[in-house]
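Side chains are part of it too, since the values below use all heavy atoms of this structure and drop only hydrogens, waters and symmetry mates. This one's a predicted model, so the numbers in the text were calculated from it and none came from an experiment. Throughout, a chain's letter reflects where its sequence line sits, starting with A, and its residues are numbered from 1.
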Protein chains: 2
Amino acid sequence: MITSLKLTLVLLALGFSQGQQHNYVDQFEEEAEAERVVGASKYGALWPLPQKVKISDVSFKLSSASFKISDAKESSAGPGCSLLQTAYKRYYKYVFGSAKWQELSKSRPTGPAVLLELQVWITSPDSECDGYPSVSSDESYELTVDQPYAVLKAPKVWGALHGLETFSQLVYEDEYGAKSINSTTISDFPRFAHRGILLDSSRHFLPIKVLLANLETMAMNKFNVFHWHIVDDPSFPYLSRTFPQLSQQGAYHPYTHVYTPADVKMVIEFGRLRGIRVIPEFDTPGHTQSWGKGQKDLLTPCYSGSKPSGSFGPVNPILNTTYDFMSQFFKEISTVFPDAYIHLGGDEVDFSCWKSNPDIQKFMAQQGFGQDFSKLESFYIQKLLNIVATTQKGYMIWQEVFDNGVKLRPDTLIHVWKGNKEQYQSEMAKVTSSGFQTLLSTPWYLNRISYGQDWQGHYKADPQDFKGTEEQKKLVIGGEACLWGEYVDATNLTPRLWPRASAVAERLWSAVDVTDLNDAFNRLSVHRCRMVARGIPAEPLFSSYCPQEYRGI
Amino acid sequence: MITSLKLTLVLLALGFSQGQQHNYVDQFEEEAEAERVVGASKYGALWPLPQKVKISDVSFKLSSASFKISDAKESSAGPGCSLLQTAYKRYYKYVFGSAKWQELSKSRPTGPAVLLELQVWITSPDSECDGYPSVSSDESYELTVDQPYAVLKAPKVWGALHGLETFSQLVYEDEYGAKSINSTTISDFPRFAHRGILLDSSRHFLPIKVLLANLETMAMNKFNVFHWHIVDDPSFPYLSRTFPQLSQQGAYHPYTHVYTPADVKMVIEFGRLRGIRVIPEFDTPGHTQSWGKGQKDLLTPCYSGSKPSGSFGPVNPILNTTYDFMSQFFKEISTVFPDAYIHLGGDEVDFSCWKSNPDIQKFMAQQGFGQDFSKLESFYIQKLLNIVATTQKGYMIWQEVFDNGVKLRPDTLIHVWKGNKEQYQSEMAKVTSSGFQTLLSTPWYLNRISYGQDWQGHYKADPQDFKGTEEQKKLVIGGEACLWGEYVDATNLTPRLWPRASAVAERLWSAVDVTDLNDAFNRLSVHRCRMVARGIPAEPLFSSYCPQEYRGI
């Protein structure tokens, strides 16, 4: 009785956003009574929940020896599309486990209940196989699981990648351990185009292995933006070809704690193969202490009375050399990072050093800024934006830049991160009423930890939940979960991020009305064990166990 | 200038508990000026801080090809003492890294500044090499590092193990990467005899690998008690020889999520080899839901009105079969676990089920307990204690048992875990004024997490900080850091525990006046990087880096 109820709940959940689809489920309810002992996890392990799902109780077996993932004949992406080919390999391993590769046999299992193949069909003439994902990429897909083969249709490779993940999530083991999948129809697309994770490699250096593992996990959660907060006050690990002394002097260590051009390239390609954009953030004029070590005169000398105190403040906005440097620097950045956007930071500028400096004071007077240092900040940012505009890149900036009234290009993305709920909602309303696109991070500062199931709070927040018109709501392109680096490094980053970020993933992907916490708990519990089985140390939600526990320590 | 100041601070710190010893340091200060660039971490990386330390600036080199750890001629423990031999191997690896094993050469480096050998001298006729550590074990040691060899003297092997750890912490790399150690004299012993970590393998199953890694890390922090909260409501992973159905029915999985007798034996021996006692907790009469699955009639049937509701409460205290079971069960436990103590729990008994049950009500009336169910609890505990007493074991119990006025043997250890600071201090006063020995856990519930450097709060708490006589203070035998299992498993346990538990380690080992937070921060930062270099994912205290970052994800 209990298990029957459980399955019903899960199936209800799967069709959550469209009640009419339960009919299909219902017609199989009685026949499947015996099957239901397998419980919620075997069926209802989809995360994030697709937009439209129909799962029947008719199940097929998959044999590791014969199951194939192949390009559909009609597909615009063939064997030459290495993005898809490596994805097939990856998902074959996730479905069958790498141990099963040895079991390949010549005998082809037959019978009415076997699924032989998943055909992947890129329907648009341009598959974008060799391109980079962008904010306007088509990520939609349609998946039909039926005999003799399943079909995954997507206009572009980006949707196909998501569909492969969904397919792998549909596969479960029956009571004898046989890989099984139910007859299923899914039509899916993201609610928001920008679904990001911010990692901070300045406060602690994050080894490449950690970055790649988290890109891999992002793909399991359908995140599509890695916001790489690569440098900040504590260290400058980015090895610049143009200004190598920045990391030589500013990194924690000039060889062991830097990202070489090859490292950066690897991160970008690893992300691209998973449909993930890599947006670097080079935050100025504040948060730049580490820049000053390798670039003389870049930072403002602070004064103690009439003498320099020996310490430095934000970027010095009154020198021409500053803008020469920024021109060259961002020219390099714009070629190294292929994404159409660069995050320029602009947050938390401390004015006290500027105030102390007599040259700055003189400049303020000349410009007629009075004592309003936010005007000086705007002066700097304005010049920086003009520089970056010449690189043909778009820019993202933290909300202060908007708040301070800097003149912004209409395609600027305003990143909201401050305040309590009331404040960030009002900020979202203000930004969008000014016609700017925006994305939200305030409720998703995952570096902030507390005791208990805080994922629920992250799950409840909604970036369109503010007072505004439909037009305004459309300007919300998504959000980002942020894991600032004060208290995380390679030792604890991955379990602290997952599955807490998964809650944000579903909020940004699934339909607006997917809000049932109990159902989310059940699916997320299975999803976290799936991540663990795939080698990712995603931490538990509550007392429980995984069939396969994490093998590390 | 800054580095010079840094070193002075560290050296001050090292002699913290005895100001007069700075003279020795001071005399080398000027000569060593140049050396000081190596900074605080190279010298001042001791954790927990020994009772008495003299470190001079005279340094020696250690060669992996020739350095030996050997038994002193006069030692009562020779090559037949495998506890010491495996410790030598372990600490050789920690000092030189396993990669250096290939570099052994025939050529013996000479010169005035080389340390050739560490001689380990067990001074008591009975080394206790083949015994188990106990609450009264002598853990003291004396370490002298000087040419041509260093000498580690300890009455028993337990002190020698601690001394080996301290020796390994004294070794640092000079600017050319050469292993170096300074001329040093240390005299050390623990402030408290019971320094424990509680891990909970019921709410989440903890793979053996995780338990062993944490025993290893405990040794690095001079902890000496593993309080194994092995079973509880959610699961019963202990495979009992006498009642195998307890784990067959009560574990999360009867094969993959159990501790076999061989597993338990391995944990105990792994602990013994590191001077760590393993005290199992089998908590009754509450926290026993998982017991009921494999042992019919053990738990109290709860009633809904006049009928059993189908759910069960605490152990049924009115049946003779209960006590027959407990006799047999604890007889097994007393032979499986060699330690002189068993933790019997006794916390958080929920009376509502007992109240609902008519047979219990009848029994209460017969015994004249009225409606005071704590009398029934005491009735049960009293009988249980008598049973356990026949096994010749001593017992630890949570404070409720004392609070409820159960008659206790004078050697009972009362484990304080409840309340705020004022409340637990008053409890410590009450327990000790009744003449009982006690240990403290309240301020060290490390499962509770919050944002920021919470280790400082753990560091500040002191188990003898309550109103009481000197006699009372002596009854405080130590404390335990507890990591309850609701939110931790193999994915996140180790980084969540370390280095936060290290703060507790120093509080329980070092002198009462070792309380300087800044100095502790500096030493603990180095100590945490040492744990990382040894393969333990100990999380960071704050923005920083380790020379060798963690290699996992």
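- In this model, no donor atom of one side chain and acceptor atom of the other lie less than 3.5 Å apart for B:Asp489 and A:Tyr545.
- Nearest heavy-atom pair, A:Tyr459 versus A:Ala503, reported as atom, atom and distance to 0.1 Å: CD1-O, 3.6 Å.
- Of the atoms belonging to A:His204, heavy atoms from both backbone and side chain fall under 4.5 Å from chain B.
- Neither the backbone nor the side chain of A:Gln548 comes within less than 4.5 Å of any heavy atom of chain B.
- Every residue two or more places apart in sequence or in another chain that forms a salt bridge (charged side-chain N to carboxylate O under 4.0 Å, His left out) with A:Glu486 is listed here: A:Arg203.
- Contact annotation for A:Asp233: neither backbone nor side-chain heavy atoms come within less than 4.5 Å of a heavy atom of chain B.
- Contacts of B:Asn214 with chain A are absent, with no heavy-atom separation under 4.5 Å from either backbone or side chain.
- For A:Val532, the part lying under 4.5 angstrom from a heavy atom of chain B is the side chain only.
- For a residue to count as touching a neighbouring chain, one of its non-hydrogen atoms must lie under 4.5 Å from one of that chain's; by this rule A:Pro207 touches chain B with the side chain only.
- Checking B:Trp47 against B:Ser502 by side-chain atom types alone, no donor-acceptor pair falls below 3.5 Å.
- Ranked by non-hydrogen atom pairs under 4.5 Å with chain A, the options B:Tyr550, B:Tyr252, B:Trp498 are led by B:Tyr252.
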Show your reasoning for whether side chain to side chain donor-acceptor pair (under 3.5 Å) applies to B:Asp263 and B:Thr260.
CA-CA 5 Å; B:Asp263 291 335; B:Thr260 66; 3.2 Å; yes
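- Interface residue A:Ile449: backbone and side-chain heavy atoms are both found under 4.5 Å from chain B.
- Per-residue counts of heavy-atom pairs under 4.5 Å with chain A were compared for B:Ser235, B:Gly552, B:Gly485, B:Ser202; the largest is that of B:Gly552.
- Listed by first then second residue, pairs satisfying salt bridge (charged side-chain N to carboxylate O under 4.0 Å, His left out) with a partner in residues 537-553 of chain A read A:Glu539-B:Arg496, not counting sequence neighbours.
- Contact annotation for A:Leu541: only backbone heavy atoms (N, CA, C, O) come within less than 4.5 Å of a heavy atom of chain B.
- The shortest side-chain heavy-atom distance between A:Val264 and A:Trp228 falls under the 4.5 Å cut-off.
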